[in-house]
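So the structure is just underneath, and the comments pick up after that.
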Protein chains: 2
Amino acid sequence: MLTNERYELILNKLATHKTVKITELIEATDASESTIRRDLTELETLNKLQRIHGGATLPDRDMQELSISAKSEKYFSEKVKVASLAASIVKEGDFIYLDAGTTTFQMIPFLKDRNITVVTNGLTHVESLTEHGISSYLIGGYVKATTGALVGQQARNSLKQYHFNKCFLGTNGVDPVHGYTTPDPDEATVKSLAAEQSRTTYIVADHSKVKKSSFIKFLSIEEAVLIIDEMPEDILNELEEKTLVKVVQK
Amino acid sequence: MLTNERYELILNKLATHKTVKITELIEATDASESTIRRDLTELETLNKLQRIHGGATLPDRDMQELSISAKSEKYFSEKVKVASLAASIVKEGDFIYLDAGTTTFQMIPFLKDRNITVVTNGLTHVESLTEHGISSYLIGGYVKATTGALVGQQARNSLKQYHFNKCFLGTNGVDPVHGYTTPDPDEATVKSLAAEQSRTTYIVADHSKVKKSSFIKFLSIEEAVLIIDEMPEDILNELEEKTLVKVVQK
DNA sequence: CTGCTTATGAATGATTATGATGGATTTTAT
DNA sequence: ATAAAATCCATCATAATCATTCATAAGCAG
């Protein structure tokens, strides 16, 4: 039996049963314990599975892990709805900017097969973008280890090279008076500039951000279209005096 | 049995079984082991199949992962030795450029706790860099999905913002006459520019690259210090007339 | 026929995969 | 908590497979 055939067999068993025991695999492949162990070690380094005592189990896969940890996040399903609505605005051939952040990340699966070009400052976005076959540019800059965002003066300089017809930004606060705000000055300047470089700017947010404001304002309400999952009637009216607001249909 | 008949038989078996063993093919075609091997080699260069130890399998599956993991397997221990030697050159406070690629990737663990700043075009490097607590900047540019390298004009512009005292580049060919070469024009221009922006440039390579040349020349031999695991005496002499060569101690 | 190219098979030493062993570690049962 | 059982890891020798080289055979143009 060829090495690859064993790999396949192992992965198949895993896919159907979620876990496999080494003894099972020895029996099924007629290989020695050593060989099976080596197979598991190898497949583990390829992130195809996770070894456990006595066998193996499905891994916290890179992508799935991200989406799983994202799912455990607050308002995940709302974010996906917002992302879906935002993505529906993107048309064939568009040249768009995708801000780092979880909501914009959720837009990616909805963007495939649309022959668009994406520029982003989100390191974590890139893997998903290329996996979905989307032509991608990353801006340069300092790597903020905690969020995987590219920030700072270098990011701004790098960003100046591009122009977009649509720009999608996340935010930490949406307030009729204080505008769109975020706690990190480095990220704020990058957001502002991205908006400047774009014909239209869209803010994606869930309702938990409404009437909140954070440290730094990066855009006024008028400067962007707001895409959100739900919104109290009174504030919606207040915002709509200043800009277009798209609320997800129930 | 004619060559083409064998080819057909091999591809048929593959189509139905997903994998074939060489011993099976010897039996089925009544040809010698050598002939079958030659057939497989040929069909592989035509991308009709992928050779694996003991036989062959259908191509394409997990192309990205395989090409990356395969690369890091061949001459892996040599690469690590070279990487270790190269990393020993980096001093406290240095500001260095780290090219995308497997050998430069192996340098990262050797660089920690040295209070340096790293700029790179290797998307895959970033995670490892931040894990090792190294302050990192990524240049911008087009994301080349196969290698995770940032390339193109935007990468060049982004790179121009930085200056280094040391620059570490990988290469596909080292030749006394043709210099340092690589198959991808986009990557080549980025390498050249990185070298320009640096006081000193180091090429890291394993001996399999010696006397090879690829499509595009990005540097002359004189322009960089060569760091390599081993080297035939005659070529070493020839190279040493032009530049400094550091060979890993046995 | 001669000289040339191409295909083949055999032999070699190198590389890789494998299975077995013994001692460490972890789990399980008491 | 302790002992027994199972599982794990590192190491080794062996077997299988691999790349390379060489010599021969087959096909073919001149």
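In the text below, chain A, chain B and the rest are named by the order of the sequence lines, each starting its count at 1.
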Can you list the residues that meet the salt bridge (charged side-chain N to carboxylate O under 4.0 Å, His left out) rule with Glu5(A), with sequence neighbours excluded? Lys21(B)

If a pair satisfies ring-ring contact (aromatic ring centres under 6.0 Å, His included) and one of its residues is in residues 178-203 of chain B, list it, with sequence neighbours excluded. Phe168(B)-Tyr202(B)

Side chains of Val126(B) and Thr124(B), heavy atoms from C-beta outward: is any pair under 4.5 Å? no

Contact between Gln154(B) and Ser158(A) at the side-chain level, heavy atoms closer than 4.5 Å - yes or no? no

Side chains of Ser135(B) and Tyr142(A), heavy atoms from C-beta outward: is any pair under 4.5 Å? yes

Is the shortest side-chain heavy-atom distance between Leu123(B) and Leu123(A) below 4.5 Å? yes

Readout for nucleotides 24-30 of chain C: B = base within 4.0 Å of protein heavy atom, S = sugar-phosphate only, - = neither; 5' to 3' it is --SS---

Residues within residues 25-39 of chain B bordering DNA chain D, heavy-atom distance below 4.0 Å: Glu33(B), Arg37(B)

Between the two end axes of the helix from dC1(C)-dG30(D) to dT30(C)-dA1(D), each built from 5 base pairs, what angle do you get to the nearest 10°? 40°

Between which nucleotides of DNA chain D, read 5' to 3', does contact with chain B run, using atoms under 4.0 Å from its heavy atoms? dT17(D) to dA19(D)

So the salt bridge (charged side-chain N to carboxylate O under 4.0 Å, His left out) pairs with at least one residue in residues 135-150 of chain B (sequence neighbours excluded) are Lys144(B)-Asp184(B), Lys144(B)-Glu187(B)

Remember a base hit wins even if backbone is also touched, and classify Leu40(B) as base, sugar-phosphate or nothing at under 4.0 Å, heavy atoms. nothing

Arg51(B) or Lys21(A): which one's nearest nucleotide on DNA chain D is closer to the 5' end? Lys21(A)

Only counting residues at least two apart or in another chain, list the ones meeting side chain to side chain contact (heavy atoms under 4.5 Å, CB included) with Ala155(A). Ile139(A), Val190(A)

Pick base, sugar-phosphate or nothing for Thr41(B), based on heavy-atom distances below 4.0 Å to the nucleic acid. nothing

Quick one: salt bridge (charged side-chain N to carboxylate O under 4.0 Å, His left out) partners of Lys160(B), sequence neighbours excluded? none

Sorted by chain and residue number, the side chain to side chain contact (heavy atoms under 4.5 Å, CB included) partners of Val80(A) (sequence neighbours excluded) come out as Phe76(A), Gln106(A), Phe110(A)

Decide yes or no for Glu42(B) and Lys48(B): does some side-chain heavy atom of the first lie under 4.5 Å from some side-chain heavy atom of the second? no

Among all residues two or more places apart in sequence or in another chain, which pass the side chain to side chain contact (heavy atoms under 4.5 Å, CB included) test with Ser34(B)? Ser32(B), Arg38(B)

Which pairs, with at least one residue in residues 211-246 of chain B and sequence neighbours excluded, count as a ring-ring contact (aromatic ring centres under 6.0 Å, His included)? none

